[in-house]
2 protein chains.
Amino acid sequence: MAETQERVRRYLEDELGSCREADVDERLGELNDLADALGTATVETELDSALANETRYTLVRVLVAAGEELCVCELGAVVDVTDSGLSHALSALVDAGLVEGRKDGRWKKYRATNRAVALVTVLDGSVTVDE
Amino acid sequence: MAETQERVRRYLEDELGSCREADVDERLGELNDLADALGTATVETELDSALANETRYTLVRVLVAAGEELCVCELGAVVDVTDSGLSHALSALVDAGLVEGRKDGRWKKYRATNRAVALVTVLDGSVTVDE
DNA sequence: CCATTAATTGAGACTTCGTTCAACTATCTG
DNA sequence: CAGATAGTTGAACGAAGTCTCAATTAATGG
């Protein structure tokens, strides 16, 4: 930490030609302001984590593409895990707010939430962003 | 698999009142078409994985917020890992196409790519999607 | 009310991640 | 060229994640 400050000081000296204590402090302040504006980082990391697994990602995308509720038994035809694995995956997606479940007699149906639709839409698009 | 087909068959019988073999086949076909349209799933899972960690996510967001190159030494002031950990994180982000690095004398500077800007922008927004 | 089926839960095995430590490369400065 | 500094690399280890198995709950139908 003190170590880090020293390095930034030398960097600024290099960049600015000269450098006072105040400059280092100001720059570190700016950097911390940037970081502080990131209060929701944890929430969004959890969101990403939910999609950072092929089973879950496929489930979400199928549900988004379907645009309607699908039965667990139908989802089982789409991913290659046991019933148990499927259930664990769906429950993780519910926790992340990407999917909602509804029990219907002896069947259970899941559908994508608005958030899931928004996210998947953008992820699809982002891959083709030119740079 | 054969097990899954049986269950879907019973489900469709339940939903439709009756059900022929052809109906099951058709439904399974539809589901597989949905899944097949997801060819890029792996790529996007990797994208999400890159952001599914607080260190990396913070780095990307700081770089996006900064809107300019930042020196590794400056980034070190923002996340709480060793130099080595920071370097590993940045290299993972480069692999994911979210960040680009440039060597400048004895310093190294990183900046966010367009893809990173697009993704972060949407993730910021998605959290406030009402449902 | 017993058997069957849909789905979930928890425990445990196995894998993948994230971080640090130590060693290394490259650049600058005297 | 010697010493210091910026940053990277690879090995290693603990933590977290993902899957399966076995047991369990809940709904249905004879």
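Here is the naming used below: chain letters follow the sequence lines, and residue numbers restart at 1 for every chain. Given the structure is predicted, the values throughout are model-derived calculations rather than measurements.
- Here the side chain of C73(B) is nearest to one of dA11(D), dA6(C), dG7(D), namely dG7(D).
- Among the protein residues, T55(B) comes within range of the sugar-phosphate backbone only, with heavy atoms under 4.0 Å from sugar or phosphate atoms but none that close to a base.
- The shortest distance between side-chain heavy atoms of L119(A) and V60(A) does not fall below 4.5 Å.
- Side-chain proximity of K103(A) to the nucleotides dA11(C), dA6(C), dA26(D) is greatest for dA26(D).
- For the pair R7(B) and dT5(C), the criterion of a side-chain N or O lying under 4.0 Å from OP1 or OP2 is not met.
- Within the structure, every side-chain polar atom (N or O) of R106(B) is placed at least 4.0 Å from both OP1 and OP2 of dG7(D).
- Distances shown here put a side-chain N or O of Y110(B) below 4.0 Å from the OP1 or OP2 atom of dT8(D).
- Position along DNA chain D of the nearest nucleotide to G105(A) versus R56(A) favours R56(A) as the more 5'-ward residue.
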| request: Give the C-alpha distance, both sets of side-chain angles, the deciding distance and a yes or no for side chain to side chain contact (heavy atoms under 4.5 Å, CB included) between R115(A) and L98(A). | output: CA-CA 6 Å; R115(A) 174 179 296 176; L98(A) 292 169; 4.1 Å; yes

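- In terms of phosphate contacts, T82(A) brings a side-chain nitrogen or oxygen within less than 4.0 Å of OP1 or OP2 of dT20(D).
- The side chain of W107(A) lies closest to dA6(C), out of dA11(D), dT9(C), dA6(C).
- Inspection of the Y110(A) and E100(A) side chains reveals no N or O donor paired with an N or O acceptor under 3.5 Å.
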